[in-house]
A.B. asks: 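Here it is: the structure, laid out below.
These numbers come from the heavy atoms of this one structure, side chains and all, not from hydrogens, waters or symmetry mates.
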Amino acid sequence: MTQRSSGGVQVKNADVPWDEAFDSIAYLDRNYRDLQPEDAEILQIIRDHFGDHFRKQGVGSVSGIDVGAGVNLYPALAMLPWCDEITLFERSSPNVEYLKGQVRSYEENWDKFWTALCRKKAYNSLGMDPRERFREVVKVEQGDIFELKEHEGRWSVGTMFFVAESMTNSPGEFALGVERFMRALAPDAPFAAAFMAHSKGYHAGEHFFPACDVGESDVYASLERFARDFKVMPLKSSARVRKGYKGMIIAYGWRRNSNAAIPID
């Protein structure tokens with residue numbers, strides 16, 4: 001794994017001014033005002049993964065988490081039909097404020113994402129207005145990804161999209177971020193995670209944010225101790241969201257049913 005950053009300086013998650021500098025609306029406008037081909041491809045994969053899992057397993061009491069939600073609602077929408085509770089876990093204060101506003105009634109741009117999910121019957125037959133359902137089950141929790149150490153095994157389905165590699169340029173912190181996400185899931189919980197491939201960093205407004213240069217092998221290595229029956233693969237869609245990366249990687253599968261042999265840090 002290769003570090004990439006301006007001037008070769010290591011930038012860790014704690015070094016980044018997430019509260020002061022992250023422009024939530026600028027990031028939203030660039031990435032999620034429209035349904036881009038990459039996100040449409042991701043939605044197809046995760047709706048099938050979650051839909052098939054819950055069709056076979058049935059639905060009891062299900063709690064979901066989206067780690068590092070940012071200003072992206074579609075991971076939560078992808079978990080919506082099955083969850084009694086969904087936690088949007090986010091560090092940045094501007095993002096937290098945006099998410100709280102969306103819980104009350106999310107904006108129309110997210111309708112395109114829901115329509116894409118509704119190509120799977122489980123979503124199309126939800127039985128209520130998705131905004132009403134979203135308002136009932138979704139809550140926002142502010143916190144650092146590394147704090148998830150205190151919540152091992154808490155959630156029964158989870159997502160983490162463009163987070164572990166987009167909060168630091170440290171390979172160690174990238175791997176630890178993936179670990180914290182996976183450890184937060186209960187045994188056999190289905191999960192989906194997405195990563196920018198070989199990112200050099202990105203802008204959210206005027207400020208430049210760090211990224212860790214990762215490829216498929218890095219993502220696989222970060223997951224293999226914690227996941228079973230999982231896949232790691234590049235998206236077919238070409239890199240077009242912004243400059244400075246080579247594509248997107250999607251990973252999905254299930255949390256291992258035992259971590260007895262895995263030491264806790």
A.B. asks: Would you mind listing every side chain to side chain donor-acceptor pair (under 3.5 Å) that reaches into residues 17-28, with sequence neighbours excluded?
C.D. replies: Asp19-Ser93, Ser24-Asn95
A.B. asks: Is a donor on one side and an acceptor on the other found under 3.5 Å between the side chain of Thr87 and the backbone of Phe89?
C.D. replies: no
A.B. asks: Taking the side chain as everything from C-beta on, heavy atoms only, tell me whether Arg91 gets closer than 4.5 Å to Asn13.
C.D. replies: yes
A.B. asks: If I compare all heavy atoms of Cys83 with all of Ser63, which pair ends up nearest, and what's the gap?
C.D. replies: SG-C, 4.3 Å
A.B. asks: Ignoring hydrogens, what is the shortest heavy-atom contact between Val163 and Gly68? Give both atom names and the distance.
C.D. replies: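 Between these two residues, the closest heavy atoms are CG2-O, 3.4 Å.
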A.B. asks: Roughly how far, to the nearest 0.5 Å, is CG of Leu148 from CD of Glu141?
C.D. replies: 8.0 Å
A.B. asks: Going by heavy atoms in the side chains, are Phe174 and Ser222 under 4.5 Å from each other?
C.D. replies: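 Sidechains of Ser222 and Phe174: in contact.
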A.B. asks: Would you check if the distance from the ring center of Phe22 to the ring center of Phe209 is below 6.0 Å?
C.D. replies: yes
A.B. asks: Measuring from Ile250:CD1 to Lys231:NZ, what's the distance to the nearest 0.5 Å?
C.D. replies: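 NZ of Lys231 is found 12.0 Å from CD1 of Ile250.
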A.B. asks: Rounded to the nearest 0.5 Å, how far apart are CD1 of Ile249 and CD of Glu165?
C.D. replies: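 CD of Glu165 is found 8.0 Å from CD1 of Ile249.
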A.B. asks: Contact between Arg154 and Leu185 at the side-chain level, heavy atoms closer than 4.5 Å - yes or no?
C.D. replies: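 Arg154 does not reach Leu185 side chain to side chain.
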A.B. asks: Are any side-chain N or O atoms of Gln142 and backbone N or O atoms of Val96, one a donor and one an acceptor, separated by less than 3.5 Å?
C.D. replies: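 No; judged by distance alone, with no hydrogens or angles, the pair does not exist.
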A.B. asks: Quick one: does Leu117's side chain get under 4.5 Å of Leu77's, heavy atoms only?
C.D. replies: yes
A.B. asks: Is it the case that the side chain of Arg47 and the backbone of Met79 share a donor-acceptor pair, with hydrogens and angles ignored and the cut-off at 3.5 Å?
C.D. replies: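 Such a contact is absent between Arg47 side chain and Met79 backbone.
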A.B. asks: Using modelled atom types only, decide if a donor and an acceptor are shared between the side chain of Thr159 and the backbone of Ala193 within a distance under 3.5 Å.
C.D. replies: no
A.B. asks: Within the 4.5 Å heavy-atom criterion, are Asp213 and Ser199 side-chain neighbours or not?
C.D. replies: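 Asp213 does not reach Ser199 side chain to side chain.
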A.B. asks: Show your working on ring pair (Phe, Tyr, Trp, His ring centres under 6.0 Å) between Phe191 and Tyr252 and close with a plain yes or no.
C.D. replies: CA-CA 6 Å; Phe191 75 88; Tyr252 60 98; 8.2 Å; no
A.B. asks: What I want to find out is whether Lys139 reaches Glu85 closely enough, with some N-O distance under 4.0 Å, to be called a salt bridge.
C.D. replies: yes
A.B. asks: Rounded to the nearest 0.5 Å, what separation is found between the CG atom of Leu43 and the CD1 atom of Ile46?
C.D. replies: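 One gets 5.5 Å once the value is rounded to the nearest 0.5 Å.
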A.B. asks: Does either side chain, that of Asn124 or that of Arg119, offer a donor lying less than 3.5 Å from an acceptor on the other one?
C.D. replies: no
A.B. asks: Report yes if the distance between the aromatic ring centroids of Trp254 and Phe230 is under 6.0 Å, otherwise no.
C.D. replies: no
A.B. asks: Atom CG of Leu176 and atom OG of Ser170: how far apart are they, to the nearest 0.5 Å?
C.D. replies: 9.0 Å
A.B. asks: Taking atom CZ of Arg131 as the centre, report whether more than 12 heavy atoms of other residues, nucleotides or ligands fall under 6.0 Å from it.
C.D. replies: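 More than 12 heavy atoms, drawn from other residues, nucleotides or ligands, come within 6.0 Å of this atom.
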A.B. asks: For the pair Asp111 and Tyr106, evaluate side chain to side chain contact (heavy atoms under 4.5 Å, CB included) and give the outcome as yes or no after the intermediate values.
C.D. replies: CA-CA 9 Å; Asp111 292 339; Tyr106 61 76; 3.8 Å; yes
A.B. asks: Are the side chains of Glu216 and Tyr220 in touch, meaning some heavy atoms are under 4.5 Å apart?
C.D. replies: no
A.B. asks: Taking the six-membered ring for Trp and the full ring for Phe, Tyr or His, determine whether the centres of Trp82 and Tyr123 are under 6.0 Å apart.
C.D. replies: yes
A.B. asks: Start with the C-alpha distance between Arg180 and Val67, add both sets of side-chain angles, then the distance that settles side chain to side chain contact (heavy atoms under 4.5 Å, CB included), and finish with yes or no.
C.D. replies: CA-CA 10 Å; Arg180 291 289 181 254; Val67 174; over 6 Å; no
A.B. asks: Taking the side chain as everything from C-beta on, heavy atoms only, tell me whether Met196 gets closer than 4.5 Å to Tyr202.
C.D. replies: no
A.B. asks: Where do Val157 and Phe54 land on the side chain to side chain contact (heavy atoms under 4.5 Å, CB included) test, with the steps shown first?
C.D. replies: CA-CA 10 Å; Val157 58; Phe54 287 106; 4.2 Å; yes
A.B. asks: If I compare all heavy atoms of Asn72 with all of Asp66, which pair ends up nearest, and what's the gap?
C.D. replies: O-OD2, 4.0 Å
A.B. asks: Could you tell me whether a side-chain N or O of Glu41 sits under 3.5 Å from a main-chain N or O of Lys236, the two making a donor and an acceptor?
C.D. replies: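 Looks like yes, one N/O pair under 3.5 Å.
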A.B. asks: Starting at CD of Glu136, measure out to CD of Glu132 and round the result to the nearest 0.5 Å.
C.D. replies: 5.0 Å
A.B. asks: State, to 0.1 Å, how close Gly177 and Ala164 come at their nearest heavy-atom pair, and which atoms those are.
C.D. replies: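 In this case the closest contact between Gly177 and Ala164 is C-CB, 4.5 Å.
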A.B. asks: Is the side chain of Asn169 donor-acceptor paired with the backbone N or O of Val9 at a distance under 3.5 Å, no angle test?
C.D. replies: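 Here the side-chain-to-backbone pair exists.
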A.B. asks: Tell me if a side-chain donor or acceptor on Glu90 pairs with a main-chain N or O of Gly70 at a distance below 3.5 Å.
C.D. replies: yes
A.B. asks: Is there a side chain to side chain contact (heavy atoms under 4.5 Å, CB included) between Val16 and Val11 once you walk through the steps?
C.D. replies: CA-CA 7 Å; Val16 180; Val11 182; 3.9 Å; yes
A.B. asks: Has His49 got a side-chain atom pairing as donor or acceptor with Pro190's backbone, closer than 3.5 angstrom?
C.D. replies: no
A.B. asks: Closest approach of Gly205 and Ala26, non-hydrogen atoms and distance?
C.D. replies: N-CB, 3.7 Å
A.B. asks: Just to verify, what does Glu107 make a salt bridge (charged side-chain N to carboxylate O under 4.0 Å, His left out) with, not counting sequence neighbours?
C.D. replies: Arg33
A.B. asks: Is the closest basic N to carboxylate O distance between Lys120 and Asp48 below 4.0 Å?
C.D. replies: yes
A.B. asks: Would you say the side-chain atoms of Glu147 pair up with the backbone N or O of Asp144, donor to acceptor, closer than 3.5 Å?
C.D. replies: yes
A.B. asks: Answer yes when Glu173 and Lys12 have at least one side-chain N-carboxylate O distance shorter than 4.0 Å, and no when they do not.
C.D. replies: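 Salt bridge between Glu173 and Lys12, a charged N being under 4.0 Å from a carboxylate O: no.
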A.B. asks: Yes or no on salt bridge (charged side-chain N to carboxylate O under 4.0 Å, His left out) for Lys112 and Asp39, after CA distance, side-chain angles and deciding distance?
C.D. replies: CA-CA 11 Å; Lys112 307 181 190 76; Asp39 293 317; over 6 Å; no
A.B. asks: Is there a side-chain contact between Ile86 and Ile65, using heavy atoms and a 4.5 Å cut-off?
C.D. replies: no
A.B. asks: Return the minimal non-hydrogen interatomic distance between Glu179 and Arg225, and the atom names on each side.
C.D. replies: OE1-NH2, 3.3 Å
A.B. asks: Counting distance only, does the side-chain N/O of Arg255 pair as donor-acceptor with the main-chain N or O of Met182 below 3.5 Å?
C.D. replies: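 A pair under 3.5 Å: yes.
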A.B. asks: Using ring centroids (six-membered ring only for Trp), state whether Tyr74 and Phe161 fall under 6.0 Å.
C.D. replies: yes
